[in-house]
Chemist: 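My structure is below; once you've seen it, I'll send some questions.
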Amino acid sequence: MHFDEIARGQLLIIDSRETDARILWEILSQAGYTNIRTAAGLRAAIDMVQNGFQPDLVILDLEALNAEGLGPLRDLQRRISQDSYVPLLAVVTGPDFGLKERALLLLARDYITRPFDRTEVLFRVKNLLETRLLYLQVQHQNQVLEERVRQRTRELEAARLEILERLALAAEYRDDATGKHTRRVARISALVGRELGLPSGSVRLLERAAPLHDIGKIAVPDRILLKPGPLTPEEFEVVKAHTVIGARILSGSRFDILRLAEQIALSHHERWDGNGYPQGLSRDQIPVPGRIVAVADVFDALTHARP
Ligand SMILES: [Fe+2]
């Protein structure tokens, strides 16, 4: 990382001894650091942060900590490093550390000793600031990547739904090139589902799976599918097979929507009295989505002209 970038990092010196703060300020500003603030104590530092100053590195003198205690330090740390990493550099008097100094060192990332050694101060500050700025870079990159993943997921979801819609349209194309019937069945199914009190997620899934109910018609020849008059018993058997064929086309998926579509394809011609097909299920044996689509399908067939 270029030093110019590091030198723009925001430094906060908290020192109850004005002369020490002054010396640190001079060492750092002579070295090229441009954003240095000093606070006479922890509470003054908290005020600065509350007024919008976000430090990248906090240099804290033991005396300042002694005067105000751990509470304000924790408060300060909470405010400056909520979702990021802000290093703390302790200022202590060496070489023998007392209990309090050792306590401060536990909270700090590193330390400098009094009297100040210019080189030591500059090295410590540069290293900690660089770590902080790299951390921010990684955090920013992660956010960009997360947004990109979200965007791609949205696109994939839209593509998935569009492919399902087009698949449904392909199934209906020969007797309903506009796709209006499938869309109406989907809409009516969703309305019925909602009226029955199904959870909104299930209703949405139902609306998207319902258009595929007749996908098995792909396998029914035109001469039968488009025949205007009544069907012979043999022809009707072929038509009935569209339920089983549809379920087979949709079977084995690991996606909820396709598993639901499979269930609907298989069961949307069952009847409450047991006289439906292909399995002749009755009443509660018929899955609810199959029952709903059956009602929607018949309602639409009764209210619109179709072969
Ligand atoms: Fe059908």
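Indexing begins at 1, ligand by ligand and atom by atom, following the structure's order.
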Chemist: Let me confirm one number: the CG-OG distance from L62 to S16, rounded to the nearest 0.5 Å.
Modeler: 9.0 Å
Chemist: Nearest to the Fe ion (ligand 1), which N, O or S atom of H269 do we find?
Modeler: NE2
Chemist: Is the Lys NZ or Arg CZ of R37 less than 6.0 Å from the centre of F53's six-membered ring, within 45° of the axis?
Modeler: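 Yes, a cation-pi geometry holds between R37 and F53.
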Chemist: Which atom name would you report as the N, O or S atom of D214 nearest the Fe ion (ligand 1)?
Modeler: OD1
Chemist: Run the ring pair (Phe, Tyr, Trp, His ring centres under 6.0 Å) test on H242 and H268 for me, step by step, so that the C-alpha distance in whole Å, both residues' side-chain angles and the decisive distance to 0.1 Å come before the verdict.
Modeler: CA-CA 11 Å; H242 84 277; H268 75 280; 5.3 Å; yes
Chemist: Compute the angle centred on the Fe ion (ligand 1) spanning NE2 of H242 and NE2 of H268, and express it rounded to 10 degrees.
Modeler: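 With the Fe ion (ligand 1) as the vertex, the angle is close to 100°.
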Chemist: Among pairs that include at least one residue of residues 5-48, which meet ring-ring contact (aromatic ring centres under 6.0 Å, His included), considering only residues two or more places apart or in two chains?
Modeler: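 Listed by first then second residue: F3-Y33.
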